[in-house]
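To find a chain, count down the sequence lines: A is the first, B the second, and so on, and within it residues start at 1. This is a predicted model, so every value here is computed, not measured.
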There are 2 protein chains.
Amino acid sequence: MTDVTAAPAGLQHDLGWTLGVVFRAYLKSATAVTVGLPGGHRGYQVLAAAARSAPASQSALAQQLGIDRTVMTYLLDDLERTELVERRPAPTDRRTRHVVATTRGRGLLDDLAARLAQAEAHVLAGLPDSDQQTFKALLQRLAGYANDLDPVSDACAIVQDINAATSP
Amino acid sequence: MTDVTAAPAGLQHDLGWTLGVVFRAYLKSATAVTVGLPGGHRGYQVLAAAARSAPASQSALAQQLGIDRTVMTYLLDDLERTELVERRPAPTDRRTRHVVATTRGRGLLDDLAARLAQAEAHVLAGLPDSDQQTFKALLQRLAGYANDLDPVSDACAIVQDINAATSP
DNA sequence: TATTGTTATACTCTATAACTATA
DNA sequence: TATAGTTATAGAGTATAACAATA
């Protein structure tokens, strides 16, 4: 009895399934490669963003990363405790905190980036190099567009469909 | 103060970030489009797989869909309660159950598939049509390959890196 | 002995609500 | 009044462990 997972019938072309498979594969590798780093692969994303520029605010960063601002608080607590990142009061608005990488954080970033690149390569390894480039380019364009997408509008009728047939 | 989310500095080319953005966007749209369906977008995946062929077993289907076999039990309970899917004892092995779509489930599938296609189109709308095709084709090849991927092997050194700098 | 499916439990992750301090 | 950040709490989702039935 082999353990090899084939695509379920009828789902090979489903965006949800294909995206899910690839995303989970990435998560698995990214997690394996960031053990010990507070926040795992997301701790890396915060650190990377904080190292290249000081994000405008915690909640702005949270939104960019697709997580809740309350989760960001805990994440930053952990990253600050390990001295990889600092919260700095914004000079212009005393409510806001800038997130900046410490020297230590920046020092760790290169190694981390290399590890994540390894995870990335691992996930993309099924494609020849030129196709990897194409895929990444398209995905990046999509991400730039999709981050501010509202869910599709029309979304009410199915409840009736199901309940209608359930009763008698 | 605009609400438009730009890519965080240094993450525009990160596979984890781009994949996450697109996957979350899909999830949002797919969820909106499947309200009322037990299990939401995953209920659809089970139903679709059950309608085209009877999956060999619950746990095989769970693995294909990237969820735990215990979660599959609850999912099928809900889908069976709404009479969209049935569990049938496998003739060859009395431990195993085949998952088959009911007439009602198959009847609902076309409408559901159209809704999911709408969600999919919404997420991909940022790309011209030919690029959408290219992207989907590459993603499908990747998914066929990545579903059986083990996490990247080397994954131990970072704990030391961090603890080393934390202690003294 | 190993595997399928189920159940109960525990754990993790995430979101909600309420609060402080600013604006 | 509205917003940034924090905290506590509740909730959803997921995994773990133990079990019965079967192989």
Side-chain angles (χ1 to χ4, degrees), chain A residues 1-5 16 20 23-24 27-28 30-31 34-35 37-43 45-46 50 54-81 85-100 151, chain B residues 1-5 16 20 23-24 27-28 30-31 34-35 37-43 45-46 50 54-81 85-100 151:
Chain A
M1 190 151 284
T2 48
D3 204 26
V4 174
T5 311
F23 189 58
R24 282 190 296 272
L27 241 44
K28 209 174 14 168
T31 302
T34 52
V35 274
L37 177 70
H41 78 283
R42 257 180 348 194
Q45 291 183 352
V46 170
S57 71
Q58 296 184 191
S59 39
L61 183 57
Q63 194 185 359
Q64 289 167 345
L65 263 37
I67 64 182
D68 196 85
R69 66 186 179 132
T70 64
V71 176
M72 181 58 72
T73 297
Y74 307 131
L75 233 179
L76 289 176
D77 285 349
D78 295 342
L79 288 168
E80 217 169 24
R81 203 170 298 127
V85 142
E86 272 181 11
R87 285 183 250 227
R88 295 243 187 94
T92 57
D93 185 335
R94 284 198 294 179
R95 295 172 301 181
T96 318
R97 309 293 174 97
H98 290 165
V99 183
V100 304
Chain B
M1 191 151 282
T2 49
D3 204 22
V4 174
T5 311
F23 189 57
R24 282 190 297 271
L27 240 44
K28 206 169 25 161
T31 301
T34 52
V35 274
L37 177 71
H41 77 284
R42 253 171 1 184
Q45 291 182 353
V46 170
S57 71
Q58 296 185 190
S59 38
L61 182 57
Q63 194 185 358
Q64 289 167 346
L65 263 36
I67 64 183
D68 197 85
R69 67 187 177 132
T70 64
V71 176
M72 181 58 73
T73 297
Y74 307 131
L75 232 179
L76 289 176
D77 285 350
D78 295 342
L79 288 169
E80 217 169 24
R81 203 169 299 127
V85 143
E86 272 182 13
R87 285 183 251 230
R88 296 243 187 94
T92 57
D93 185 336
R94 283 198 295 178
R95 295 172 299 180
T96 320
R97 310 291 174 97
H98 290 165
V99 182
V100 304

Whole angstrom is fine here: how far is it from CE in A:Met72 over to P in C:dC13? 15 Å
On a heavy-atom basis, the closest approach of B:Pro55 and B:Ala50 is CD-CA, 3.9 Å
B:Leu79 and B:Pro38: which non-hydrogen atoms are nearest, and at how many Å? CD2-O, 3.6 Å
Residues passing the salt bridge (Lys or Arg N to Asp or Glu O under 4.0 Å) test with B:Arg94, sequence neighbours excluded, are none
Can you give me the bend angle of the helix from C:dT1-D:dA23 to C:dA23-D:dT1? Use the axis through the first five pairs and the one through the last five, nearest 10 degrees. 0°
Atom pairs under 3.5 Å: protein N/O with N/O of nucleotides 9-16 of chain D:
unit_1	atom_1	unit_2	atom_2	d
D:dT14	OP1	B:Arg42	NH1	3.4
D:dT14	OP2	B:Arg42	NH2	2.6
D:dT16	O4	B:Thr70	OG1	3.4

Taking every non-hydrogen atom, the tightest pair across A:Ala54 and A:His98: CB-CB, 4.4 Å
Shortest non-hydrogen contact from A:Val99 to A:Gln58? CG2-CG, 4.1 Å
Under 3.5 Å: donor-acceptor pair, side chain of A:Thr34, backbone of A:Leu37: no
Value in whole Å for how far the C1' atom of C:dT14 lies from NZ of B:Lys28: 16 Å
Sorted by number, residues from residues 88-100 of chain B placing a heavy atom under 4.0 Å from DNA chain C are B:Arg95, B:Thr96, B:Arg97
Interatomic distance, B:Arg69 CZ vs D:dC19 P [rounded to whole Å]: 14 Å
Nearest-Å distance for atom pair CD/C1', residues B:Glu80 and C:dT6: 13 Å
Please report, rounded to the nearest Å, how far the C1' atom of C:dT7 is from the CG atom of B:Leu76. 15 Å
Side chain proximity check, B:Val46 to B:Leu65, heavy atoms < 4.5 angstrom: yes
Donor-acceptor contacts, no H, no angles, side chain residues 69-77 of chain B, under 3.5 Å, sequence neighbours left out:
unit_1	atom_1	unit_2	atom_2	d
B:Thr70	OG1	B:Asp68	OD2	2.8
B:Thr73	OG1	B:Arg69	O	3.4
B:Asp77	OD1	B:Arg87	NH2	2.2

Here the distance between atom P of D:dA21 and atom CD of B:Gln58, to the nearest Å, is 17 Å
If you take all heavy atoms of B:His41 and B:Ala30, which pair is closest and at what distance? CB-CB, 3.9 Å
So, taking the atom named CZ in B:Arg24 and the one named CZ in A:Phe23, what distance separates them when rounded to the nearest 0.5 Å? 6.5 Å
Would you give the length of the straight line joining atom CG of A:Leu61 to atom CZ of A:Arg97, rounded to the nearest 0.5 angstrom? 15.0 Å
So, is B:Ser57 near the phosphate of C:dT4, with a side-chain N or O under 4.0 Å from OP1 or OP2? no
Would you mind classifying the nucleic acid contact of B:Arg87 as base, sugar-phosphate or nothing, using non-hydrogen atoms under 4.0 angstrom? sugar-phosphate
